[in-house]
Amino acid sequence: MSLLELDNIVVEFPTRRGPLEAVKGLSLDLDEGEILGLVGESGAGKSITGAAITGLIEPPGLIRSGEVRLRGERIDNLPPEKMRRIRGKEIGAIFQDPLTSLNPVYTVGDQLIDTMRVHLGLDQKAARKRAVEWLAEVGIPAPETRLDQHPHQFSGGMRQRVVIALALCAEPKLIIADEPTTALDVSVQAQILALLKRLCRENGTAVVLVTHDMGVIAETADRVAVMYAGRLVEIGDVRQVIEDPLHPYTRGLMASIPQIGNRDRRLTQIEGAMPGLRNPAPGCAFAPRCPRAMDHCHSIRPVPQSAGTGQVACHIYGETQ
Amino acid sequence: MFAFLIRRIIQAALVMLVVASIAFLMFRFLGDPISNLLPEDATVQDRAEMREKMGLNDPVVVQYGRFIVDAAQGDFGQSYRNNRPVSDLLAERFPATAELVLVAASLALALGIPLGIYTALNPRGWLSQGLQVISLLGISVPTFVTGILLILVFSVSLGWLPSFGRGTVVDLGWWTTGFLTVSGLKALILPAIMLALFQMTLIMRLVRAEMLEVLRTDYIKFAKARGIPNRMLHFKYALKNTLIPVMTIFGLQLGGLIAFAIITETVFQWPGMGFLFIQAVNFTDVPVMAAYLVLVSFIFVVINTLVDLLYNVADPRLRAEKKPARGV
């Protein structure tokens, strides 16, 4: 059984001019210990998908339909208190900005100890001991003294290490990491990703890595899911999606990554912009920008079907079958 | 920390020097005290003697120096009105004002903070909306109006509480207190409510706004994502961040309470320093006015210095003893 299943979820934000669908029927599977990269441009719905898994969609947003299942148990309709117990303990989360993710008036030790005491039922002394171990685990030197320091006494990279320790300390089986390295220096990014990957591999923790950075995905993920305008356009093994992308959108995405040695060429870009979420066209959302669009692309929406190492939602592949 | 303390004390001393200078100016510009002090039929000879005795013939600089040196020792001379040392008059009246302000401040905090938290946590509840409307009234209605309304309802119509004075007070030698008698406590209720009302609504609105702000921050969202229970999230993680700015404002307001006490003390004929000041103004009793000005400023300065120190204790970011570590 998969660790996490998203079954055709629709996330909706009611607005004055009618409901707005940010995620329009997304299905995904994630195995234990697997690292899944979730990519797409801004507004594709990747962060909202992450929030839907942790049950932290900002009101008035809500999951209109579909199911989120953790080890086969439905979790999207749990009462708040039950969901609270799952958060941290079963599903952890890491946010983008380590500078603002830590409470400035409490020591990092306080925050670690509280989290572990809430979920693991440890006493103060045992939790403190574990907290020191966690700081050492995420590579913070002199963890004993650092434990009693406040977040402002840590550098950005150090703070993201603390955030990782906080997200992992109750030993969740799944981590939703939403752009975990975007706010960091490039040199620090690699270290943080390597740390996250190592800890998750060691503990068998699965990760949904939300990012728009293909480099991060290539470095870290086992599989990649590409989102466009609230829908999944392609999913497959990381190597295949990066080296041999199937969907024209993924191809455009890969082609637009600058490559060393191509200094005379202009950077390739995908012409146009992602359509607004309001008044979606009946066909494929990418069709207006697609270099290979056919007539029926504008009228009939493609559904995900098996292709390559995963699935792709595109009419080009429908014809060959 | 020690250097900070020294710096603050020097700043405070400078502020006090400026205030004392302004107080001294009152002596120069508020008319000739001699005409108030001597009977109508006093001779020119009498006036000249009095003038000499009070040192009014000395050069201004000498008078100024004398005033500052005496004031620094707590000596503000004799009251023109009842010929007693001003410091004695103030010492007599100080406990009344201090007790009134203490009760009002406690009331404002004890109600304002919980109500602010409640309205922040239940922003859409009908009770919160109601409290918001009432607090708007509390902020905009002048305090003397609420005081007079309180007297009308609780003293005149219902006859439950006294409308003026401190009731029976117990003299502890250096302090007279109204806390130990029933009539003293009853007399405190209405003036304390009048004085506290504005501060309470201010604190409530401030706590609400700060708390709503804090609840939107990333660290609260992250704590929520770690499954921290709501009670801990609200009352531990969010509250401390909320109260740090509230503390500063309240420190400033505490000085304001002492100043606003003038109006409350006038409405309720409360025998405190503010009432003494109003009487002094009516009589152009400059030494009392000057002393009141200096004393209230002194209290202001002391409170603000204390708040700054407390701020250092409460907010770890301001304790800059250790430099943040470098590198990753």
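Protein chains get the first letters and strands the later ones, always in sequence-line order, with residue 1 at the start of each.
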(message) Salt bridge or not between Arg216(B) and Glu58(A)? Use side-chain N to carboxylate O under 4.0 Å.
(response)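 Here Arg216(B) does not pair with Glu58(A) in a salt bridge, since their nearest N and O are not under 4.0 Å apart.
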
(message) Using a strict threshold of under 4.0 Å (side-chain N to carboxylate O), is an ion pair present between Glu137(A) and Arg130(A)?
(response)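 Here Arg130(A) does not pair with Glu137(A) in a salt bridge, since their nearest N and O are not under 4.0 Å apart.
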
With a 4.5 angstrom heavy-atom cut-off, is it the side chain or the backbone of [X] that approaches chain B, or both, or neither?
| X | answer |
| --- | --- |
| Gln111(A) | both |
| Arg84(A) | both |
| Ile91(A) | backbone |
| Ala170(A) | neither |
| Leu166(A) | both |

(request) Could you walk me through whether Ser128(B) and Asn122(B) pass the side-chain hydrogen bond (donor to acceptor under 3.5 Å, both in side chains) test, one step at a time? (result) CA-CA 7 Å; Ser128(B) 298; Asn122(B) 309 286; 5.0 Å; no

(message) Looking at Ala126(A), is its backbone amide N or carbonyl O close enough to the side chain of Asp123(A) to form a donor-acceptor pair, meaning the two atoms are under 3.5 Å apart?
(response)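 Flag set: sc Asp123(A) to bb Ala126(A) pair under 3.5 Å.
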
Using a cut-off of under 4.5 Å for heavy-atom pairs, which of [options] has the most such pairs with chain B?
| options | result |
| --- | --- |
| Thr115(A), Ile86(A), Ile176(A) | Thr115(A) |
| Thr54(A), Val163(A), Asp97(A) | Val163(A) |
| Ile94(A), Leu56(A), Asp114(A) | Asp114(A) |

(request) Over all heavy atoms of both residues, which pair between Met211(B) and Leu239(B) is shortest? Give the atoms and the distance, please. (result)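 Scanning both residues, the minimum pair turns out to be SD-CD1, 4.4 Å.
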
(message) Quick check: closest heavy atoms across Ala223(B) and Tyr237(B), and the distance to 0.1 Å?
(response)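 Scanning both residues completely, I find the closest heavy atoms to be CB-CD2, 3.8 Å.
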
(request) For a side-chain contact (heavy atoms from CB on, under 4.5 Å) with Lys197(A), tell me which candidate from Val207(A), Thr220(A), Ile192(A) qualifies. (result)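 Filter result, single survivor: Thr220(A).
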
(message) Using the side-chain contact (heavy atoms from CB on, under 4.5 Å) definition, which of the options Asn77(A), Ile75(A), Asp76(A) pairs with Met83(A)?
(response)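 Passing option: Ile75(A).
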
(message) For a side-chain contact (heavy atoms from CB on, under 4.5 Å) check, start with the C-alpha distance between Phe250(B) and Leu206(B), then their side-chain angles and the critical distance, and finish with the verdict.
(response) CA-CA 10 Å; Phe250(B) 184 70; Leu206(B) 191 68; over 6 Å; no

(request) Walk me through it: do Trp175(B) and Glu99(B) pass the test side-chain hydrogen bond (donor to acceptor under 3.5 Å, both in side chains)? (result) CA-CA 10 Å; Trp175(B) 188 275; Glu99(B) 286 185 356; 3.1 Å; yes

(message) Quick check: under 4.5 Å, non-hydrogen atoms only, which of residues 103-110 of chain A neighbour chain B?
(response)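 Residues Asn103(A), Pro104(A), Val105(A), Tyr106(A), Asp110(A) are the ones that qualify, each having a heavy atom under 4.5 Å from chain B.
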
